[in-house]
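Just follow the structure's listing: the first ligand is 1, and inside any ligand the first atom is 1. The structure displayed is predicted, hence computed values, not measured ones. Throughout, residue positions are numbered sequentially from 1 according to the sequence presented.
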Amino acid sequence: MSPSSLVVAIDGPSGSGKSTVARRVAQALALRYLDTGAMYRALTWWLLEQGADLRDHRRVAALATQLPLTIGMDPHHPTVHVGAVDVGTVIRESRISSVVSMVATNLGVRSELVRRQREIVEEGGVVVEGRDITTVVAPDAPVRVLLTASENTRLARRAHDVHGDAHPEAVAATRDQVVRRDADDATVARFLHPADGVDVVDSSHLSVDETVAAVLDLVRRRAGVTPR
Ligand code: DC
């Protein structure tokens, strides 16, 4: 396997640290980085801009095919544009996080975004992260990883990201976002347990550096590729 055509597929629930880890792995291996969650978020942002009713499944699925999305996959500077608008920051706001599952559980939306993701996977040379990458988008990738962490760890990390600390109130406020959203998302993608042949990395007691090292070790063992 040529290192530059390698595909690394990473799935995990929210707060598992997969975005940070996937990005760092892509940097270490000089691969592109694709955050598929950003695609669902960008679509959600665009639908809200147009005042679309997110419950109207057929209309939402039809609009998904029209989404003018450009994803910049440089792992040192990933970008997300809808048309000419840079939505990289706004798609992380809680007004998006709180409704994105409604869009991501629309099966018509999934088939359109999975189609776009597979085009990128087919070109190779990419670390792709999401919820259905190891199972649906890139089931034949040589390296497939499920990144997990205990619920308490995930809640504390998200509370830290969103509120700047992990005080009990911040953790409670985060609980709905993390636990409810994962439960909703798990109805359409199986990311809480590994599929056959998928390696599990549990980051509950690992630092980011240690988690990146564990994934790079799997890349070395599964694909024979090491950082330059
Ligand atoms: O990883 P994230 O929080 O940015 O993901 C945003 C939403 O998109 C979340 O509700 C899960 C969903 N998602 C998905 O269903 N499939 C993917 N491959 C990636 C994200």
Can you pull out the closest protein heavy atom to [atom]? Residue, atom name and distance to 0.1 Å, please.
atom	answer
atom 10 (O) of ligand 1	Asp185 OD2, 2.8 Å
atom 4 (O) of ligand 1	Arg41 NE, 2.7 Å
atom 20 (C) of ligand 1	Gly37 CA, 3.5 Å
atom 15 (O) of ligand 1	Arg110 NH1, 2.7 Å
atom 8 (O) of ligand 1	Tyr40 CB, 3.6 Å
atom 12 (C) of ligand 1	Ala104 CB, 3.7 Å
atom 19 (C) of ligand 1	Thr36 OG1, 3.3 Å
atom 1 (O) of ligand 1	Arg131 NH1, 2.9 Å

Quick check: [X] and ligand 1, any N/O pair under 3.5 Å apart?
X	value
Ser14	no
Asp132	yes
Arg181	yes

Notebook entry, point to check: Can Arg23 and Asp35 be said to form a salt bridge (charged side-chain N to carboxylate O under 4.0 Å, His left out), step by step?
Noted result: CA-CA 9 Å; Arg23 207 173 140 183; Asp35 170 2; over 6 Å; no
Note to self: Can you see whether Arg41 engages Ser97 through a side-chain donor-acceptor pair at a distance of less than 3.5 angstrom?
What the structure shows: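 Yes.
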Notebook entry, point to check: Side chains of Met39 and Ile71: does their closest heavy-atom pair fall under 4.5 Å?
Noted result: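 Side-chain contact under 4.5 Å: yes.
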Next item on the list: Would you check if Arg24 and Asp209 make a side-chain contact, meaning some heavy-atom pair closer than 4.5 Å?
Entry: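 Yes, their side chains come closer than 4.5 Å.
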Margin query: List ligand 1 atoms under 4.0 Å from Lys18, heavy atoms only on the residue side.
Written below: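 Counting from 1, the qualifying ligand atoms are 1 (O).
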Next item on the list: Enumerate the atoms of ligand 1 whose separation from the nearest heavy atom of Val100 is less than 4.0 angstrom.
Entry: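 Within the 4.0 Å cut-off of Val100, ligand 1 contributes 7 (C), 10 (O).
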Notebook entry, point to check: Going by an N to O cut-off under 4.0 Å, is there a salt bridge joining Arg221 and Asp217?
Noted result: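 A salt bridge links Arg221 with Asp217.
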Notebook entry, point to check: Do Tyr33 and Leu218 belong together in a cluster built from hydrophobic side chains that touch within less than 4.5 Å?
Noted result: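 No, separate clusters.
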Note to self: When you measure from the heavy atoms of Ser101 to every atom of ligand 1, does any distance fall below 4.0 Å?
What the structure shows: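 Under 4.0 Å: yes for Ser101.
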Note to self: Does His205, at its NE2 atom, have more than 12 non-hydrogen atoms belonging to other residues, nucleotides or ligands within less than 6.0 Å?
What the structure shows: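 For His205, atom NE2 is not crowded (no more than 12 foreign heavy atoms under 6.0 Å).
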Next item on the list: Assess whether atom CZ of Arg95 is packed by more than 12 heavy atoms of other residues, nucleotides or ligands within 6.0 Å.
Entry: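 Above 12, so yes.
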Notebook entry, point to check: Picking from Asp11, Asp199, Asp196, what satisfies side chain to side chain donor-acceptor pair (under 3.5 Å) with Thr134?
Noted result: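 Only one of Asp11, Asp199, Asp196 forms a side chain to side chain donor-acceptor pair (under 3.5 Å) with Thr134, namely Asp11.
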